[in-house]
K.L.:
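If you scroll down you'll find the structure; I have some questions about it.
Values below: all heavy atoms of this structure, side chains included; hydrogens, waters and symmetry mates excluded. Along the sequence shown, residues are numbered consecutively beginning with 1.
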Amino acid sequence: MPFKYERLDKEQAALLVVDHQEGLFQLARDHSAVNFKNNILAHAALGKVFDLPTVLTSSAETRPNGPLPQEVINMHPNAPFIKRNGEVNAWDNAHFRAAVLATGKKQLMIAGITTDVCTAFLALSLVEAGFTVFVNADASGTFDATTAEDAKDRMRAAGVQVACELMQDWRNTPGAKEMLPFFGAYLPEYGFLARAHDAAVSSGTLSGL
């Protein structure tokens, strides 16, 4: 069967924040703590930059799993926030299913802790339900790199795309104007590259390369 490349389309997509909880954060050892916190916040921020319908969910947050970071909640004060009491797979929760279906979107971007449980179980269920699923691996974490890779392999085998290519043309909206501040906040390597360019242009001293 020939390969069909289904691109992530911001007009067809919704963002899911799955169990990015402060207690579960301690289990994510396949990223550095600083980078992983940054990636979690960046995942949530994508919903704001691209104006995506966003659904938040947590699992047993009054127990050791802990709450979602307040920074994430503050970004989406009006988003549905489903606080699950027992279901490990978020799709097993009727309120969460209803919130996702209410977005009316067929492409879903997800990330969660842990990659092999909260992210993978949900991703597989969403594929079964007929959605196209894009997993943000940078914002999903688990116990170690081996567990993460096994989980990603399992998801890919089911048709999940372990990539999120929302930014497709610098001339679009959101485009350079909106994305460069995002990179400045969450991808400092690129943000500082842009700053260096601005400084060279404003000072009139170019590299000459």
K.L.:
With side chains defined as the heavy atoms from C-beta onward, is the minimum distance between K152 and V135 less than 4.5 Å?
P.N.:
no

K.L.:
Rounded at 0.5 Å granularity, tell me how far CG in D116 sits from CG in D150.
P.N.:
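Spacing of CG (D116) from CG (D150) equals 9.0 Å.
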
K.L.:
Is it the case that over 12 heavy atoms from other parts of the model lie below 6.0 angstrom from the CZ atom of R97?
P.N.:
yes

K.L.:
Under the salt bridge (Lys or Arg N to Asp or Glu O under 4.0 Å) rule, what do E61 and K83 come out as? Steps first, then yes or no, please.
P.N.:
CA-CA 7 Å; E61 67 171 40; K83 299 182 179 183; 3.4 Å; yes

K.L.:
Could you check whether K10 makes a cation-pi contact with F50, meaning its NZ or CZ is under 6.0 Å from the centre of the six-membered ring and within 45° of the ring axis?
P.N.:
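K10 over F50 ring: no.
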
K.L.:
For I110 and L126, run side-chain contact (heavy atoms from CB on, under 4.5 Å): C-alpha distance rounded to whole Å, both residues' side-chain angles, the deciding distance at 0.1 Å, then the answer.
P.N.:
CA-CA 10 Å; I110 75 172; L126 291 172; 4.2 Å; yes

K.L.:
Quick check against the 3.5 Å criterion: does S32 have a side-chain atom that pairs as donor or acceptor with the backbone of N35?
P.N.:
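Yes.
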
K.L.:
Can you tell me how far the CE atom of M167 sits from the CZ atom of F183, to the nearest 0.5 Å?
P.N.:
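If I round to the nearest 0.5 Å, the distance is 6.5 Å.
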
K.L.:
Show the nearest heavy-atom pair for residues A158 and L124, with the distance to one decimal.
P.N.:
CB-CD2, 3.4 Å

K.L.:
For the backbone of T146 and the side chain of E149, can you confirm whether one donor and one acceptor N or O come within less than 3.5 Å of each other?
P.N.:
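No, the answer is negative, given that no donor and acceptor are paired below the 3.5 Å cut-off.
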
K.L.:
Should we say atom CG of D9 is surrounded by more than 12 heavy atoms from elsewhere, each under 6.0 Å from it?
P.N.:
yes

K.L.:
Checking side-chain contact (heavy atoms from CB on, under 4.5 Å) for the pair L56/I82: CA distance, chi angles, key distance, verdict?
P.N.:
CA-CA 6 Å; L56 314 179; I82 312 304; over 6 Å; no

K.L.:
I want to check something: taking the side chain as every heavy atom from C-beta on, are E87 and S59 in contact at a cut-off of under 4.5 Å?
P.N.:
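Sidechains of S59 and E87: no contact.
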
K.L.:
Let me see the working for F134 and T132 under side-chain contact (heavy atoms from CB on, under 4.5 Å), right down to the final yes or no.
P.N.:
CA-CA 7 Å; F134 298 79; T132 302; 3.5 Å; yes

K.L.:
Check the pair H76, V55 against side-chain contact (heavy atoms from CB on, under 4.5 Å), reporting the backbone distance first and the verdict last.
P.N.:
CA-CA 9 Å; H76 301 284; V55 178; over 6 Å; no

K.L.:
Under 3.5 Å, is there a donor-acceptor pair between the side chain of S203 and the main chain of A199?
P.N.:
yes

K.L.:
Which distance, rounded to the nearest 0.5 Å, do you find between the OG1 of T115 and the CG of L27?
P.N.:
11.0 Å

K.L.:
Heavy-atom distance under 4.5 Å between the side chains of I113 and S140, does that happen here?
P.N.:
no

K.L.:
Angle class for the H43/H20 ring planes (parallel below 30°, perpendicular above 60°, tilted otherwise)?
P.N.:
perpendicular

K.L.:
Linking I/L/V/M/F/W/Y whenever any side-chain heavy atoms sit under 4.5 Å apart, do M179 and Y190 land together?
P.N.:
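Per the 4.5 Å side-chain linkage, M179 and Y190 are co-clustered.
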
K.L.:
For a quick check under 3.5 Å, do S125 and N89 share a side-chain donor-acceptor pair by atom type?
P.N.:
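Indeed, the side chains of S125 and N89 share at least one donor-acceptor pair under 3.5 Å.
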
K.L.:
Taking CD in E128 as the centre, count heavy atoms belonging to other residues, nucleotides or ligands within less than 6.0 Å. Is the count above 12?
P.N.:
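12 or below, so no.
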
K.L.:
When the ring planes of F36 and F25 are compared, do they come out parallel, tilted or perpendicular, using 30° and 60° as the limits?
P.N.:
parallel

K.L.:
Does any part of the side chain of L16, heavy atoms only, come nearer than 4.5 Å to the side chain of T57, both counted from C-beta?
P.N.:
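No, too far: nothing below the 4.5 Å cut-off.
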
K.L.:
Count I, L, V, M, F, W, Y as connected when their side-chain heavy atoms are under 4.5 Å apart, and connections chain through other members. Are V17 and L46 then in the same cluster?
P.N.:
yes

K.L.:
May I ask you to decide if L52's main-chain N or O and T54's side chain share a donor-acceptor pair within less than 3.5 Å?
P.N.:
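Judged by distance alone, yes, a pair lies under 3.5 Å.
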
K.L.:
Does the side chain of D92 reach to within under 4.5 Å of the side chain of R84, using non-hydrogen atoms?
P.N.:
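D92 vs R84: side chains apart.
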
K.L.:
Looking at every non-hydrogen atom in both residues, tell me the closest pair between P80 and A99 and how far apart they are.
P.N.:
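Minimum heavy-atom contact is CB-CB, 4.0 Å.
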
K.L.:
For the backbone of G66 and the side chain of Q21, can you confirm whether one donor and one acceptor N or O come within less than 3.5 Å of each other?
P.N.:
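Checked: pair present.
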
K.L.:
Would you say the side-chain atoms of T103 pair up with the backbone N or O of K105, donor to acceptor, closer than 3.5 Å?
P.N.:
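The answer is yes, because a donor-acceptor pair under 3.5 Å joins these two groups.
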
K.L.:
Have Q107 and E6 got a donor and an acceptor in their side chains that come within less than 3.5 Å?
P.N.:
yes

K.L.:
Taking the side chain as C-beta and beyond, is there a heavy-atom pair between H197 and V201 under 4.5 Å?
P.N.:
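In contact.
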
K.L.:
How many angstroms lie between CG in L24 and CG in N65, if you round to the nearest 0.5 Å?
P.N.:
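CG of N65 is found 4.0 Å from CG of L24.
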
K.L.:
For L8, is there any backbone N or O sitting under 3.5 Å from a side-chain donor or acceptor partner on Q168?
P.N.:
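Checked: pair present.
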
K.L.:
Could you report the tightest heavy-atom contact between L15 and A44, atom names first, then the distance?
P.N.:
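Heavy atoms only, the tightest pair is CD2-O, 3.9 Å.
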
K.L.:
Give a yes or no on whether M75 and L166 share a hydrophobic cluster (residues Ile, Leu, Val, Met, Phe, Trp, Tyr; joining criterion: side-chain heavy atoms under 4.5 Å apart).
P.N.:
yes

K.L.:
Quick one: CD on Q70 to CD on E22, what's the gap to the nearest 0.5 Å?
P.N.:
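If I round to the nearest 0.5 Å, the distance is 8.5 Å.
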
K.L.:
Would you say F81 ends up clustered with V100 if hydrophobic residues are merged whenever their side chains have heavy atoms under 4.5 Å apart, either directly or through other cluster members?
P.N.:
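No; F81 is not reachable from V100 via cluster members.
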
K.L.:
When you compare the side chain of F96 with that of L101, does any pair of heavy atoms fall below 4.5 Å?
P.N.:
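No. Closest side-chain heavy atoms not under 4.5 Å.
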
K.L.:
More than 12 non-hydrogen atoms from neighbouring residues, nucleotides or ligands closer than 6.0 Å to CZ on R156, yes or no?
P.N.:
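Enclosed: over 12 neighbouring heavy atoms sit under 6.0 Å from CZ of R156.
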
K.L.:
If hydrophobic clusters are built by linking Ile, Leu, Val, Met, Phe, Trp and Tyr wherever their side-chain heavy atoms come under 4.5 Å apart, do V117 and M155 end up in the same one?
P.N.:
no

K.L.:
Short question: side chain of N39, backbone of D138 - any donor-acceptor pair under 3.5 Å?
P.N.:
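Side chain of N39 to backbone of D138: a pair is present.
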
K.L.:
Please verify the inter-ring angle class for Y186 with F182; under 30° counts as parallel, over 60° as perpendicular, anything in between as tilted.
P.N.:
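Y186 and F182: tilted rings.
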
K.L.:
Give me the atom names and distance for the closest heavy-atom approach of P181 to A176.
P.N.:
CD-O, 4.2 Å

K.L.:
State, with a plain yes or no, whether a side-chain heavy atom of L41 is found less than 4.5 Å away from one of K37.
P.N.:
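They are in side-chain contact.
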
K.L.:
Hey, are D30 and T142 close enough side-chain-wise for a donor-acceptor pair under 3.5 Å?
P.N.:
no

K.L.:
Quick one: pull up CE in M109 and CD in E165 and give me the separation to the nearest 0.5 Å.
P.N.:
9.5 Å

K.L.:
Examine distances only and state if a side-chain atom of D144 and a backbone atom of T147 form a donor-acceptor pair shorter than 3.5 Å.
P.N.:
yes

